[in-house]
Amino acid sequence: QIDALEIRRSFIKPLVVKSMPKSQNEFDAFAGQYEQALAQGLGITGESSTYYAKGRLDVLAWLLRNLDTPPIRRILDFGCGTGGSRPWLYDHWPEAEYVGYDPSKASLKVAKMSYAQPRTTWSTDLDNLSPFDLVLTNGVFHHIPPRDRTAAFAMVTAALKPKAYFAFFENNPWNPGTRYIMKRVKFDRGATTISPKVARRLLEDSGFDVVEFVSLFYFPSALIVTGK
């Protein structure tokens, strides 16, 4: 397993925080080469970032259908980076309003030039936004210093409607392969990873009720072909 998804349902509203720590703007330096840097790590799996982005959201959509959730009308992509999740979210929820949030202005500039789906907004802050039915975050929190994670979770809970859903995707550091891939990606080197156990504790401490936990991507196609 190299990735994991936890779906959480909000039930309290903790401290409201409106902006991410300034350290997150380090991604301005990688915005123009983000996909190339990511490919440097993911290439050894035999798959591209598109494979993983689509796979995550296909599973998320399937789980939410099985949970019999209310209609998803507003989606927040928390830490959206250069916007790679946008087309797959549009495939599953084409009528939903989408907000891609990231403190990196350079990353959002790339996103705006790359994706033109309707009902799409890119933003560096979360002020004055209506609440969301779904918030997702993909591999974002290992880039947030541990001291700042409580504030970041508070931003997520403040953005959600009551009983709405938070899809929390993170890399699994218990897998040596995950750690090796991250060392090959410039912006992942030195990141403080989050194990499933720690993720569960952080989310519950932030007021979320666990709904589902799913492990993803055990067998990229290159491994299937070789039978290893």
Side-chain angles (χ1 to χ4, degrees), residues 5-10 13 16-20 24-25 27-28 30-32 34-35 38 48-141 143 152-169 208 211-212 214 216:
L5 159 66
E6 295 200 47
I7 299 181
R8 301 283 175 152
R9 186 170 54 224
S10 64
K13 294 282 187 181
V16 176
V17 183
K18 289 294 185 182
S19 61
M20 289 276 275
Q24 294 303 298
N25 292 330
F27 276 86
D28 282 348
F30 295 107
Y34 179 84
E35 287 297 329
L38 197 57
S48 68
S49 62
T50 298
Y51 168 84
Y52 294 103
K54 182 178 184 300
R56 290 183 188 105
L57 295 175
D58 286 349
V59 170
L60 174 59
W62 177 79
L63 286 170
L64 291 178
R65 285 195 300 271
N66 286 341
L67 288 169
D68 195 25
T69 59
I72 303 295
R73 296 190 173 94
R74 285 179 53 78
I75 299 171
L76 173 63
D77 190 352
F78 186 89
C80 65
T82 56
S85 294
R86 181 57 184 129
W88 316 117
L89 285 164
Y90 183 76
D91 279 355
H92 290 292
W93 297 283
E95 300 303 317
E97 296 179 15
Y98 167 94
V99 176
Y101 162 75
D102 203 285
S104 169
K105 293 181 180 179
S107 295
L108 293 186
K109 183 178 179 180
V110 173
K112 289 176 184 178
M113 292 188 296
S114 302
Y115 304 105
Q117 285 83 4
R119 293 172 291 282
T120 297
T121 302
W122 308 101
S123 179
T124 56
D125 66 65
L126 296 179
D127 288 323
N128 304 315
L129 293 177
S130 299
F132 295 87
D133 304 290
L134 173 65
V135 175
L136 71 147
T137 182
N138 174 27
V140 171
F141 274 75
H143 293 292
F153 281 121
M155 291 176 67
V156 171
T157 56
L160 284 164
K161 295 177 182 179
K163 302 295 184 180
Y165 288 87
F166 177 32
F168 181 82
F169 293 93
F208 288 95
V211 177
E212 294 282 349
V214 181
L216 305 175

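Values below: every heavy atom of this structure, side chains too, minus hydrogens, waters and symmetry copies. Start at 1 with the first residue, then count along the sequence. Since this is a predicted model, take the numbers as computed values, not measurements.
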Counting distance only, does the side-chain N/O of [X] pair as donor-acceptor with the main-chain N or O of [Y] below 3.5 Å?
X: Arg119; Y: Arg74; answer: no
X: Asp102; Y: Gly81; answer: yes
X: Thr137; Y: Phe78; answer: yes

[X] [atom1] to [Y] [atom2] distance, which is reported to the nearest 0.5 Å:
X: Arg65; Y: Leu60; atom1: CZ; atom2: CG; answer: 9.5 Å
X: Cys80; Y: Tyr115; atom1: SG; atom2: OH; answer: 10.5 Å
X: Glu97; Y: Phe132; atom1: CD; atom2: CZ; answer: 8.5 Å
X: Asp77; Y: Leu134; atom1: CG; atom2: CG; answer: 9.5 Å
X: Leu89; Y: Lys54; atom1: CG; atom2: NZ; answer: 12.5 Å
X: Leu136; Y: Leu76; atom1: CG; atom2: CG; answer: 7.5 Å

For Asp91, all residues meeting side chain to side chain contact (heavy atoms under 4.5 Å, CB included), sequence neighbours excluded
Trp88
Thinking salt bridges, do Asp133 and Lys161 make one under a 4.0 Å N-O criterion?
yes
Are any non-hydrogen side-chain atoms of Leu67 and Tyr165 less than 4.5 angstrom apart?
yes
Could you tell me which residues satisfy ring-ring contact (aromatic ring centres under 6.0 Å, His included) with Trp93, sequence neighbours excluded, listed by chain and number?
none
For Phe141, ring-ring contact (aromatic ring centres under 6.0 Å, His included) partners two or more places apart:
Phe153, Phe168
Pair Thr157-Phe166, side chain to side chain contact (heavy atoms under 4.5 Å, CB included): steps then yes or no:
CA-CA 8 Å; Thr157 56; Phe166 177 32; over 6 Å; no
Can you spot which of Ile75, Leu64, Asp58 makes a side-chain contact (heavy atoms from CB on, under 4.5 Å) with His92?
Asp58
Of all heavy-atom pairs between Val99 and Ser123, which one has the smallest distance, and what is that distance?
CG1-CB, 4.4 Å
